[in-house]
Number of protein chains: 4
Amino acid sequence: MAILQKSIDKRNALIKATIELVNNAGFHATPMSKIAKMANVSPATIYLYFENKQDLVNKTYIEVKAEYTKYAFESYDENMSVEQGFEIIWKRIADFKLNDSENAMFLAQCDNTPMIDELSRQEGIKHLQPLLDLWARGKKEGIIKPISDYLLYAYAINPLSFLMMSQKRGAIILDRKHIEEAYQSAWNSIKTCDQ
Amino acid sequence: MAILQKSIDKRNALIKATIELVNNAGFHATPMSKIAKMANVSPATIYLYFENKQDLVNKTYIEVKAEYTKYAFESYDENMSVEQGFEIIWKRIADFKLNDSENAMFLAQCDNTPMIDELSRQEGIKHLQPLLDLWARGKKEGIIKPISDYLLYAYAINPLSFLMMSQKRGAIILDRKHIEEAYQSAWNSIKTCDQ
Amino acid sequence: MAILQKSIDKRNALIKATIELVNNAGFHATPMSKIAKMANVSPATIYLYFENKQDLVNKTYIEVKAEYTKYAFESYDENMSVEQGFEIIWKRIADFKLNDSENAMFLAQCDNTPMIDELSRQEGIKHLQPLLDLWARGKKEGIIKPISDYLLYAYAINPLSFLMMSQKRGAIILDRKHIEEAYQSAWNSIKTCDQ
Amino acid sequence: MAILQKSIDKRNALIKATIELVNNAGFHATPMSKIAKMANVSPATIYLYFENKQDLVNKTYIEVKAEYTKYAFESYDENMSVEQGFEIIWKRIADFKLNDSENAMFLAQCDNTPMIDELSRQEGIKHLQPLLDLWARGKKEGIIKPISDYLLYAYAINPLSFLMMSQKRGAIILDRKHIEEAYQSAWNSIKTCDQ
DNA sequence: GATGAATGAGCATTCATTCAT
DNA sequence: CATGAATGAATGCTCATTCAT
């Protein structure tokens, strides 16, 4: 195997270990030594790939966020109608949050905690642009309520994080029917009423 | 002042300090010594009121959660109509989350983090019963969608946490108009469509 | 024993351990844990008395330097003649350097190493003032060569450090006769020639 | 360039880097990786030329010491008179210490610190033999005081180290006049008095 | 010879918790 | 009740050294 590939593998193993351990115990309760052990490297090796613990978790956040948005928009096409486009994106996001729950949970923890640099947070937000563009189009067409994007996100997207956490905790198991109901609630909350 | 009152004051000071410090730095980045200093007591004194750090944060969570739900239901009366009752409760919750943001932020961090005992979490949820009862009535009357309470909560209530965090971070300032729009989205997402 | 005394004892034990260990191994090869062990306290206890390792060694330096100069000038009296005063001071310094060699060695290491803050170094120098005053008087009276104090110190006092180190290393054992010879050399090197 | 020359260059670069870095930060605060970087080689390469860090610093010491003594005796000739010979040697040493202060400072640090093997220290001393021989001759001729060579060195030579350090620290700038004064003090301190 | 990636051992420092007063 | 001094057990991070290439 190429030497470069080995490096990438190690980096990935570290990112993966970070996600899993931080999910289970939180940032500060996760020692570097444990991350190293889980990734099968020496603690010192982490510092070949990341500057320090904060950098490790920042980079992990950015990476997961990128993966998340890449997945979200993969099957979306700007020529779709607003409603169709929203449904496509929403379902991809639901898919990601509910199936790839390790990653989703990590993001939720980062987003509700002073665990991530403000800079990395900004970096992570940027990738949502296509959704904001879709909403802008929807507003112009009178299909989406003319309200702040923060409100739209709060009602259309963010509830999925709550559902993911609930499922993760075993409080509920989300089947196809739930997803459909959730989608309807999401759409109802942001579409203009007189449709 | 009664000696008992002095004790209560110290306990309250500890709870308050815990909230503020955990909000700013996270649970594990908040040393007991700092909490003690902010509450103007000796570190050892904390252990007269709480078993250990975990107990301190658990109890803090339960206390804040109780305060939260007490506030939420204070002006609600079971004789109100479902829609009226929901609006009353929702607006109280919005009030709490957006105005008493220290407390609300603390709850959000607890709810998205492995920081709280599962037991304490359960304990905290119980207090929401009146809202669940209201929803049950709404479903029977055909006013509220016949879907899982988790879904209802995810769409009707939880978005307020996201908005509170956004406001806390300075991304948005929520005025009366935003609140009204948010309420409409919340209601749209859970009411049955054919009204 | 008073609680205050116990504190002072611990602080002193730490200072003493620092001197001995740094003498044997150097600053960076002396772990805090070893210092703690030798002083019979926990590593954490050091940080109750000193801010960090650098602070510990700085404070140790200042303390030893103060002890050194206090000893040096103890039997000196400003009414003495220049020659008599110099002899008194010189012999006290010789006494200190050659008998209290642990302390003297520590000072020598600090003075020839980037181990001490520049600030602490300045602080340490201040105490030599009486000797400089004596030399000033000597120059005015035409007894001491009219040359820089640095030169006077280099020839009159500093050689004792070299002799102390040589003795410490076992290369020479300095008896009363050596001391007298050394004193003659010191005095010859700074007195004006035409006496 | 011959392959051998390239090797010598690397070794020299390592020695040079060691001196500069140890001067600035001390032995233990100077990582091998930094030495390697400054010498433009890989850390691993150091181990092709030296057994380990201790060996590197030992060899550096011996090399610098040899350079020092070579310089010191270069213009000395055994046929010179004792006084003339001493002046010649002394002035060469002063030259070295005050102009090649990087090297001189490194020696001073080694000589006042448990940084060097006792063996390497012995090795370094050997080269001073011509000076000791000169002194022996001087004693026989009644020109030099009949006292221990350690005393002679302490007063005649060692003060230059102190002056070099003072100059290095910016406390004094030594001009030709200072040097002449220093020489007089040195000579006064070791010559017999009745000349 | 030369390297850069890798590491185990070690270090300064912190912190939850205890205990004598 | 209340405390501040004390501590053992971590933890993040560094570094001399090795080794596959």
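Numbers restart at 1 for each chain; the letters A, B, ... are given by sequence-line order, proteins then strands.
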So, using side-chain contact (heavy atoms from CB on, under 4.5 Å) as the criterion, who are the partners of S33(C) when residues are at least two apart?
P31(C)

Listed by chain and number, what are the side-chain contact (heavy atoms from CB on, under 4.5 Å) partners of Q122(A), not counting sequence neighbours?
E118(A)

Among residues at least two apart in sequence or on other chains, which ones pass ring pair (Phe, Tyr, Trp, His ring centres under 6.0 Å) with [X]?
{"X": "F50(C)", "value": "none"}
{"X": "F27(B)", "value": "none"}
{"X": "Y49(A)", "value": "none"}

Can you pull every protein N or O that's under 3.5 Å from an N or O on nucleotides 7-9 of chain F?
{"unit_1": "dT7(F)", "atom_1": "OP2", "unit_2": "S42(C)", "atom_2": "N", "d": "3.3"}
{"unit_1": "dT7(F)", "atom_1": "OP2", "unit_2": "T45(C)", "atom_2": "OG1", "d": "2.2"}
{"unit_1": "dG8(F)", "atom_1": "N7", "unit_2": "S42(C)", "atom_2": "OG", "d": "3.1"}

Please identify each residue that fulfils side-chain hydrogen bond (donor to acceptor under 3.5 Å, both in side chains) with E51(D), with sequence neighbours left out.
none

By side-chain hydrogen bond (donor to acceptor under 3.5 Å, both in side chains), E123(B) pairs with (sequence neighbours left out) K126(B)

Do any of residues 51-63 of chain A sit with a heavy atom less than 4.0 Å from DNA chain F, and if so which?
N52(A), K53(A)

Listing for DNA chain E: consecutive Watson-Crick or G-U pair runs of at least 3, distance cutoff 3.5 Å, ranges ordered by first number, gives E:2-21 with F:2-21

Tell me which residues in residues 18-32 of chain C put a heavy atom below 4.0 Å from DNA chain E, sorted by number, or none.
T30(C), P31(C), M32(C)

Salt bridge (charged side-chain N to carboxylate O under 4.0 Å, His left out) partners of D100(C), counting only residues at least two apart
none

